[in-house]
Structures are given as C-alpha cells and as structure tokens.
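Read through the structure below, which is laid out as structure tokens, and then see the notes.
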Amino acid sequence: MQYNHKEAEEQVKAFWKANDVYKTTLDTSKPKYYVLDMFPYPSGAGLHVGHPLGYIASDIYSRYKRQNGFNVLHPMGYDAFGLPAEQYAIQTGVHPADSTATNIKQYRKQLDNIGFDYDWDREVQTCDPKYYKWTQWIFTQLFDHYYCTKAHKATPIAELVELFKTEGSHNVTAYGAEELIFENDEWNAMTAVEQSDILMNYRLAYRKESFVNWCEELGTVLANDEVKDGLSERGGYPVIKRPMLQWSLRVTAYAERLLEDLKSLEWSESLKAIQRNWIGKSSGAQIFFSIAESTDQIEVFTTRPDTIFGATYLVLAPEHDLVDKLTTEAQQADVEAYVAMAGAKSDIDRMADEKTVSGAFTGAYAQHPFTDEPIPIWISEYVLKDYGTGAIMAVPAEDQRDNRFALHFDLPIVEVLDKSKYPDAKIGDKVGTMINSDFLNGMKIKDAIKAAIKQIYDKGIGSTKRNYKLRDANYSRQRYWGEPFPIVYTDEGIPQTVPLSDLPVTLPPLEDFKPTAEGKSPLARIEGWLHTDHGSRETDTMPGFAGSSWYFLRYMDSENDAEFVSTEAVNYWQDVDLYIGGTEHAVGHLMYSRFWHKVLFDLGYVPTNEPFKKLINQGMIQGVIESIYLQKEKENGVNKFLCAGLAEAKGVEHYTAIPIHIDFVTDYGSQHSHINLDGIKKFLDWRPEYNNAIFECSKGTYQNGTFTPKSEASDSQLITHSEVGKMSKSKYNVINPDEIIAQYGADCFRMYEMFLGPIEQSKPWDMNGIEGVSKFIKKFWSLFYVDNALVINDSPATKEQMAILHKTIKKVRKDIEGFSFNTCISAFMVAVNELKKASAVSKDVLVPLLQLLAPFAPFLSDHLWQQLGYNGSIHHSQYPIFDEQYLVTDSVVYPVCVNGKKRADLTTSPGQDNATLEQLARELEPMQKWLTESNVVKTIVVPNRMINFVVKGG
RNA sequence: GCCGAAGUGGUGGAAUUGGUAGACACGCUGGAUUCAAAAUCCAGUUCUUUCGAGAGUGCGGGUUCGAUUCCCGCCUUCGGUACCA
C-alpha cells in the first residue's frame with residue numbers, strides 16, 4: 001500500500017478537531033512557551049508558497065516544545081484593517097468588511113491544509129469591534145499619559161495638571177515638543193482650550209499641526225516607515241510634505257529605551273542594526289546663537305562643537321519658525337520665493353536634487369559666541385526641519401555639504417584643523433590638531449570637543465545634547481477601513497476621550513468609500529455618526545500598525561470583554577519567547593510594538609519591558625518573473641514579439657517587457673525558459689488584443705495560428721526573459737501551496753520548504769528538489785508498511801539500528817534548537833536510508849523515529865500513530881531522548897594525513913595512547929610511500945580526531 | 001557614501017571551540033526491471049591528469065603541522081539607510 005496522503009490528512013484533521021488536540025489552556029503546572037507568527041494581512045491573492053515558510057518553522061518548533069513538556073501558546077489571527085481592501089471597495093463597491101471576511105475564509109482554508117497547530121479559539125481579527133475596543137482603549141491610555149524624564153516612564157497627565165496648578169511649569173520633568181514656561185497663576189487663568197493646547201505638548205498621543213507625508217492618490221497621510229524612496233509603500237504613489245493637523249504618537253520619548261533595550265534581545269545583528277539606524281542616536285552640543293538687533297536666539301545642534309571657530313554662517317530649514325521674522329526687507333522677495341519653491345517639492349524631487357546647491361540669504365546676522373563676529377544667516381533645503389533644531393552652524397572647512405554651499409555662494413571658509421600629517425584626509429575626517437581656534441589651539445579633537453562644550457556651558461549658551469533621527473509617528477489616516485479614534489471634540493474643539501464604558505466606537509455602515517473633497521475620511525460624511533451628545537467625533541482612523549502593535553497580548557486572553565488581557569493570563573504567558581517573521585517589519589511593526597509594550601509596562605499592565613525575546617527573520621521566497629519583449633514600434637501596424645536573445649542583442653530599450661503567466665512558460669526560471677506554440681496560444685487567449693501579433697523566434701515566426709519555420713524547424717520557441725523578484729499577483733507568478741499539497745501532501749510540502757535551505761535565507765521558489773522529499777516520505781512509510789501490511793513488530797533492535805536512531809535523535813534535537821531545519825531533514829533522510837539498509841522493523845527503533853518526525857510531518861506521524869494502536873495524538877507524546885550509551889562503539893576511524901592532506905584511514909579500538917596510534921598509522925600500507933626513516937619532522941595526534949605527519953621536502 | 005549579511009560542484013545546500021571539503025537532495029551518465037514508458041532499484045558524478053598525482057570553498061596576502069573556519073587588504077551580490085548637522 002502506498003501512503004495515501006489525501007485520505008490520511010482528512011482523517012487526521014478530523015481527529016485533531018474532534019479531540020481539541022491544539023487547545024491551549026492556562027495550565028500553571030507546566031512551563032509556558034509562546035511561539036508567535038507575524039499574522040498576515042488577508043489579501044485577495046491568497047497565501048502563496050512564501051508565506052508559510054516562517055509559519056512551518058514556528059510550527060515545528062512549537063510542536064517540539066509541546067512534546068518536551070511545555071505548555072505552548074501558538075496562535076494565529078489576521079491584520080484585517082488596511083488600505084487594499086478599501087481601494088478595492090472604491091473600485092468595486094464591495095464593502096471592505098465583506099471582502100476581508102471572504103479573504104480570511106480563504107486564508108483559513110489554506111492554513112488548515114498545511115496542518116498548523118494553532119489554537120483557533122484564540123484567533124484575533126483586528127477589524128473585529130471586540131478586538132479594536134481595546135486598541136481604542138490603549139489609545140486613550142497614550143492620550144492620558146506623558147513621559148516623565150526623571151522617572152523615565154509614562155506618567156498620568158493628571159499629575160502634570162496638578163503640578164501646573166500648584167507650581168506652574170518650573171519643575172516639570174515631562175518629555176515634550178516645546179519648552180514652555182509659565183507660572184501656576186498663569187495656568188489657572190488659562191481657558192480650557194489654552195490648557196488643552198498646552199497639554200498636547202506632552203501627551204504620548206497628541207494632535208498637532210506638523211509637516212506630514214501626504215499621499216494624494218491614496219488620499220491620506222502616511223508614517224515615515226510607510227514611505228519608501230519618496231513613494232508610498234502601498235501602491236508606489238508620490239508623497240509630498242504638507243502641514244496638517246494630525247494625531248501623532250510620541251515614540252521619540254522612548255528613543256533611548258528603545259535603543260538601550262535592544263541589547264537584551266536575541267534578534268539578528270542586522271535587524272538590531274536597522275532599528276539602531278532608524279533611531280539614529282548622535283551626541284554633541286546644542287548652542288544658542290544670538291541675533292543682531294533681536295532678542296530671538298537660534299538654537300543649533302552639532303556633533304562637532306570643536307569646530308565652532310570654523311562656523312562662518314548659519315543655515316535654517318526653509319520651514320524654520322524664525323525665517324519670517326529674521327528676513328530683512330531687501331531679502332524678502334528672495335526668501336519667499338525660495339520657501340515657496342522648496343515647499344512645493346515632493347520627496348522624490350528633493351532626492352533627485354540632492355546634489356544641487358540652493359539657498360537664500362535672509363539678510364540677518366547672528367553673533368559668533370566667542371569671536372563676536374557677525375555671521376550671516378541663510379536658509380537652505382539641505383537643512384531639515386525635523387532633525388535636530390532645524391538649524392545648523394555651518395563649518396565649511398569640516399563638512400562636505402557646508403563646503404559645497406560656501407563655495408557656491410562665496411562664503412568664507414576658515415580652516416580649524418591642521419591635517420598636514422594626514423595627506424589623504426578628506427573633509428570631515430576627524431584627524432589633526434586644532435588651529436585658528438583661540439583656546440582650542442593645539443588640542444586633539446577629542447579634547448577640543450570637551451573643552452568647547454565646557455566653555456559653551458560656562459558662558460550659558462548651550463550644553464551637551466543627544467539627538468535622534470527617530471520621529472514621532474503619524475497616527476491619522478483619512479480613510480474608512482481602520483479603527484475609529486475614541487475621541488469626541490467639545491464645541492470649543494477640545495478633544496476628549498470616550499470612556500471605556502462607551503467603547504468600542506464602531507465603524508458605521510458606509511456605501512461610498514471615496515475620501516471627501518477636502519481630503520477628509522469618508523466618515524466625515526456620515527452625519528448621524530459624526531454628532532454625539534458630547535460633541536462631534538474625530539473622523540480620521542488609525543493606521544495599520546495600531547492593531548498589530550499589541551495583538552500578541554490579546555492571544556493570551558482573546559475572549560476577555562472586561563480587560564484587554566487579564567493579569568492572570570499575562571503574568572503566566574509573560575511575553576513572546578519566539579517570534580518568526582520577515583524583515584520588512586523591522587522599523588514599522590517591531591518598533592511600534594516595542595513602544596506600546598513599554599508604555600503598557602510603565603502603566604503596570606504587562607510584566608515585561610520587551611514583547612519579543614527572540615526573533616528570527618525568515619527569508620523571502622521570491623518568484624520568477626517571466627516576460628516577453630514587445631517591440632515598441634509596431635511593424636506595418638502589427639505588434640511584434642521577439643526572442644529575448646534577439647531583443648537583448650538589439651538593445652532592450654526598443655522593447656517593452658510584458659510579464660506573462662508563468663504557467664505558459666516551459667522551463668521557467670532557467671536560461672532556456674521559453675514559450676512554445678502551445679504557450680503562445682495560451683498567451684493569446686489571455687491577451688486577445690495581441691491576436692494577430694508576430695512572434696519572431698530564432699527558428700521562425702508565428703502569426704495567426706501558423707508557424708513559418710526558417711529552415712526545417714518544426715516548433716517555435718520564443719525565449720522569455722526571466723528575473724527573480726517578488727511573488728505577486730501583478731507579476732503573474734504566484735505559486736499556490738494548495739496545488740502542491742494536493743499533489744504531494746502537506747507533510748511533503750512542509751518538509752520541502754524546510755529542506756530548501758537555512759530559514760533566514762531568501763531564495764527563488766523552484767520545485768526541483770521536491771521529488772527527493774516525496775521519495776523520502778514514501779521510503780519512511782515503507783519502513784512501516786510493505787504490501788498493505790504493517791511490518792513493524794516487537795522484535796529487539798540491533799545495536800547498529802539503535803545507534804542509527806540515537807545518532808539521529810541527537811542531531812535532530814540539536815538542529816531544532818539551532819533552528820537549522822534543513823539539516824534536520826537531511827538527518828531524517830540519512831536515518832531512513834541507513835535503517836532500510838539495516839532492515840529495521842523493531843518498534844524500539846521505528847516508534848521513537850516516528851515521534852522524532854512528528855513536528856515535521858504531523859499528518860503522516862499521527863496517522864501511523866493511530867495505525868499502530870496508540871491512544872491520543874502523537875503530538876502529545878514525549879519527544880525521544882538521546883542516550884549516549886547507544887553511540888559507544890568498539891572501533892574508531894582516524895584519518896591519517898601527510899602535511900594536512902588525508903592519505904589513509906586507520907581503524908582501531910578506542911582509548912589507545914598517542915604513541916600507539918602513531919605507530920599503528922606508520923605501519924599502514926598506504927603510508928609507506930609517504931614516510932621514510934628520516935623525513936618525518938613532526939607528528940600530531942589529536943585523540944579521537946586525526947593523525948598528521950609533517951614531512952620535509954614534501 | 002554609511003551600516004548589516006553573504007560568496008563552496010551543473011543546481012539547492014552540508015561541514016566553523018581550526019582537524020577527512022562537497023553530507024543530504026536535485027540534475028546528469030551508465031546499468032537492472034519493462035514490449036515500452038512511468039515508477040522503483042543499483043553504480044558513478046568538484047576540476048585537471050602523463051592515472052603517480054596535482055589543484056580546489058569570490059580574489060590577493062598572512063598566522064598554523066593543518067584554514068571554508070582566524071587575521072589584513074580587495075572584489076561581487078543582496079538587504080537597510082541616505083543632505084541626519
């Protein structure tokens with residue numbers, strides 16, 4: 001009998017369901033282990049072969065942990081709010097809730113097919129009001145707290161209000177956007193609106209007019225991590241900077257903790273590096289420059305205070321608050337024109353113009369703090385509004401950009417470092433000794449930085465300062481399909497949170513999903529929803545990362561309607577022990593989740609400071625994009641396709657690459673990938689607009705159903721262009737796991753994905769090796785069943801067979817712990833090959849082997865487990881334990897080398913001393929031609945490892 | 001440019017407290033079985049070779065009895081980031 005995977009899988013699936021095999025309870029008698037997958041956004045394209053790679057790895061690990069006595073939490077859910085469903089709604093009128101529900105059904109079916117051990121009773125969907133009730137509640141907590149820079153934690157905003165009432169702002173230790181100074185009686189005299197505005201400077205969730213990434217095509221604002229190369233991550237539409245009144249999260253308050261706590265995490269070095277770069281800490285000094293004929297000061301941030309004597313001008317960002325105020329009448333026209341020009345640019349234009357020097361002089365002068373010389377104040381795009389203070393002191397001698405600017409506008413350059421000893425030094429290299437710098441002269445840079453800061457501090461014009469690249473996160477989206485804000489504005493416009501008793505604020509029904517003309521969310525049109533007894537609702541919705549920033553906590557207690565998670569549950573499950581997911585979430589999801597978690601930690605709701613202890617990045621499985629070359633100019637009014645080879649020879653600029661379904665292509669992904677006559681016909685059925693096109697191949701041409709060979713060729717082969725790229729619906733290269741599972745079975749699919757290579761590595765999908773895994777499964781089956789009959793029996797196992805088993809147990813256990821699943825599969829293959837050869841039929845060998853395989857092939861193993869008459873599921877059985885006694889051998893084989901090159905083998909009994917080993921090796925027959933009486937210079941014998949003779953003249 | 005990861009047969013990959021390079025699999029070649037094919041099984045498969053051996057883990061050096069593994073200098077590919085003061 002052959003293993004019938006279809007029947008077995010159906011039966012085992014039913015068994016799992018009927019017996020709640022994967023139900024997880026809060027069982028404190030066992031140690032907990034929490035394995036998490038990055039939950040998917042349920043897109044219309046369904047799951048492709050790349051998605052499950054990480055899921056399979058975590059599934060294997062969770063099953064391994066369960067069989068080792070852990071109470072394992074391994075849940076799954078859906079990141080169900082998002083732009084694509086809403087874009088789809090705008091195009092088709094299908095409500096996002098409906099399309100999302102349909103997609104989720106599809107995903108669920110596909111996930112079930114692969115045989116994951118998820119406890120589906122704990123499923124979360126971020127678009128479910130029972131879930132987003134708590135997303136909204138966490139938002140109210142962010143709104144109601146500020147970051148105390150003394151206690152280094154989130155603190156109730158009410159405490160801040162109390163302080164303002166009694167002492168004013170003097171002793172405030174709140175992380176805030178602006179330093180505000182007022183007395184308590186001033187505070188008490190303020191209107192409610194004024195007080196509300198002041199508090200907005202401190203709340204962790206706050207509303208502020210700021211320059212945001214506006215995407216016109218999507219009709220919404222985007223967060224920094226949602227913008228790539230000046231284009232929106234979703235859709236690739238242009239993004240411009242635009243001032244808007246928006247909700248933001250004060251993630252910058254946690255910059256230092258987010259950076260510092262990275263050290264405690266078991267994440268890959270590269271992922272930590274990405275987060276470190278994104279946080280972008282740098283230390284230096286803040287320096288205040290006074291302005292001639294003005295009481296205003298310009299604050300700059302610099303990492304090189306040592307170069308202060310080389311500061312020959314200041315530059316402000318065009319959007320800097322002081323620009324208007326400082327600009328002299330004579331310069332007004334110039335400055336206004338420049339500010340307007342800079343403001344109109346999109347991010348992408350800005351990047352393209354990076355090398356162009358531009359700027360305008362304000363006409364105003366600042367005073368150098370040490371020399372008292374007047375130094376001109378300029379504005380330029382190369383200074384960014386939201387980094388540092390939005391203003392710099394320019395040191396053209398030591399900064400490449402300042403240098404270019406100074407040369408372009410003919411501004412003075414003062415050298416401050418003698419680099420004569422370093423002829424190769426470039427601008428900005430930190431070498432040499434200080435010159436032209438008064439009290440710093442002769443110092444090394446390190447000392448000069450300290451000395452300069454001390455002088456600056458003593459003069460009361462500045463101090464040391466740290467700076468971060470990290471920006472506060474834009475939290476408003478002008479869209480429908482997201483969490484509504486739990487915010488109602490009073491008639492005066494003061495935002496107030498909706499109390500927990502009134503949560504969730506649910507999304508109202510809607511039919512027209514287009515944004516309003518003023519760029520507001522479509523919610524703004526729904527009068528009945530908009531107005532409440534307390535005022536009118538916020539019409540923006542929350543961004544995609546809202547729901548995903550805390551979903552892992554909800555799994556711990558997903559049905560709880562009284563709390564976001566019970567104290568009991570969170571104290572037991574604590575945090576995620578293992579998180580597997582893609583690097584694409586390196587700065588978005590993973591940064592925001594850490595931030596939210598820290599806030600919840602500060603508030604005492606969770607017992608851990610970090611949410612994800614260990615994180616593994618699975619590589620991407622890429623697709624092969626196949627395309628054919630269409631000549632840009634029609635020939636006699638007819639479209640013409642050309643062989644890739646011919647087109648590339650003539651120059652691809654004359655051709656458009658049209659991506660085609662990989663199903664049409666023969667040998668896709670290889671150098672010989674091509675479409676034959678059959679493929680061309682399929683292509684024409686699919687794209688009838690090319691019906692009478694000419695296909696020119698090396699062997700002839702095809703048109704309107706006939707092939708005209710150049711010589712005797714009988715078939716045409718239009719060579720296609722292959723490249724590795726994203727697997728995506730739009731590239732027609734999505735490989736659906738369902739088809740592979742139908743053909744080979746889920747276990748084979750799972751093992752093959754693991755067999756492809758290390759889990760972290762990215763690779764294009766190919767089916768070249770799946771036969772090998774399929775053969776393995778058949779062979780494994782044949783250890784148990786031969787000709788329809790169970791051959792496994794109670795006979796004792798041989799020593800050799802036990803050695804094979806225990807060698808495999810040792811290797812598989814070690815490799816699972818090291819997340820090296822590809823080598824586990826190899827080990828199983830080796831074991832089966834060897835056991836077959838050794839004619840193993842004993843239960844003592846085969847049953848432990850079956851249990852060892854269970855995490856990898858959950859269907860096959862449970863099926864055989866039942867066949868063998870065991871009760872319950874194999875997945876609740878104890879994982880085999882390695883026993884050293886079976887690996888004790890009576891002989892040991894030494895490689896015998898000459899000058900490090902192996903020349904012979906020495907088989908001998910273990911435990912011999914080095915002298916004996918050397919003597920035995922010398923006497924080996926093959927060694928005679930290498931060794932003479934006198935040529936051995938040295939002999940190295942490493943016990944149980946190898947024997948090496950060093951010979952001269954060799 | 002900066003930061004990070006990686007370069008091993010025709011292919012995916014294995015081997016690192018320095019100790020037999022190429023496990024396991026795909027592909028290919030030959031054989032068995034078959035009327036034939038599929039499937040299955042067996043053997044071979046890094047390259048060169050005067051069949052003694054020699055070379056070989058991106059390139060060039062170094063340390064060592066011995067280097068895929070450690071050190072120095074390059075090259076290439078992929079990922080992140082980019083006027084960040």
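Keep in mind it's a predicted model, so treat the numbers as computed, not measured. Only this structure's heavy atoms are used, side chains among them; waters, hydrogens and symmetry mates stay out. Every chain is numbered from 1, with letters handed out A, B, ... down the list of sequences.
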Original post:
Does any donor-acceptor pair link the side chain of A:R471 with the base of B:C84 at a separation under 3.5 Å?
Top reply: yes
**OP:** Could you tell me whether the side chain of A:N899 has a donor or acceptor atom within less than 3.5 Å of a complementary atom in the base of B:C65?
**Re:** no
[X] has a side chain; which of [options] sits nearest to it?
X	options	result
A:V942	B:C26, B:A85, B:G19	B:G19
A:F301	B:C3, B:A85, B:A14	B:A85
A:T823	B:A15, B:A85, B:C65	B:A15
A:F755	B:G4, B:A85, B:C24	B:C24
A:E269	B:G19, B:A5, B:A14	B:A5
A:Y387	B:C24, B:A85, B:C65	B:A85
A:S282	B:A85, B:C26, B:C24	B:A85
A:A273	B:G19, B:G4, B:G12	B:G4
A:P895	B:C83, B:A25, B:U20	B:U20
A:L384	B:C24, B:G19, B:A85	B:A85

**OP:** Answer yes or no: does atom NZ of A:K6 have more than 12 heavy-atom neighbours from other residues, nucleotides or ligands under 6.0 Å?
**Re:** no
**OP:** State whether the number of non-hydrogen atoms from other residues, nucleotides or ligands found under 6.0 Å of A:K614 atom NZ is greater than 12.
**Re:**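 Yes.
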What interatomic distance, in whole Å, is found between [atom1] of [M] and the corresponding atom of [N]?
N	M	atom1	result
B:C71	B:G18	P	11 Å
B:U76	B:G31	C1'	43 Å
B:G80	B:C47	P	37 Å
B:G19	B:G44	C1'	29 Å
B:C35	B:G56	C1'	48 Å
B:G13	B:G4	P	24 Å
B:U63	B:G12	C1'	34 Å

**OP:** Identify, between A:N833 and A:V383, the residue whose nearest nucleotide on RNA chain B lies closer to the 5' end.
**Re:** A:N833
Subject >> 5'-most by nearest nucleotide on RNA chain B - A:D399 or A:W278 >> reply: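 This one resolves to A:W278.
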Original post:
Is the shortest heavy-atom distance from the side chain of A:F828 to the side chain of A:V830 under 4.5 Å?
Top reply: no
**OP:** Starting at the 5' end of RNA chain B, write a dot or bracket for each base, bracketing those in Watson-Crick or G-U wobble pairs whose two distances are under 3.5 Å and using | for partners on another strand.
**Re:** (((((((..(((......[....)))((((((.......))))))(((....)))..(((((..]....))))))))))))....
Original post:
Within 45° of the axis and under 6.0 Å from the centre of the six-membered ring of A:W278, does NZ or CZ of A:R594 qualify?
Top reply: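 The answer is no, since A:R594 fails at least one limit relative to A:W278.
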Subject >> Sorted by number, the residues of residues 757-766 of chain A with heavy-atom contact under 4.0 Å to RNA chain B >> reply: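 The answer is A:P758, A:Q761.
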Original post:
When all nucleic acid strands are considered with a 4.0 Å heavy-atom cut-off, which category describes A:I274: base, sugar-phosphate, or nothing?
Top reply: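 Here A:I274 touches the backbone only, sparing every base.
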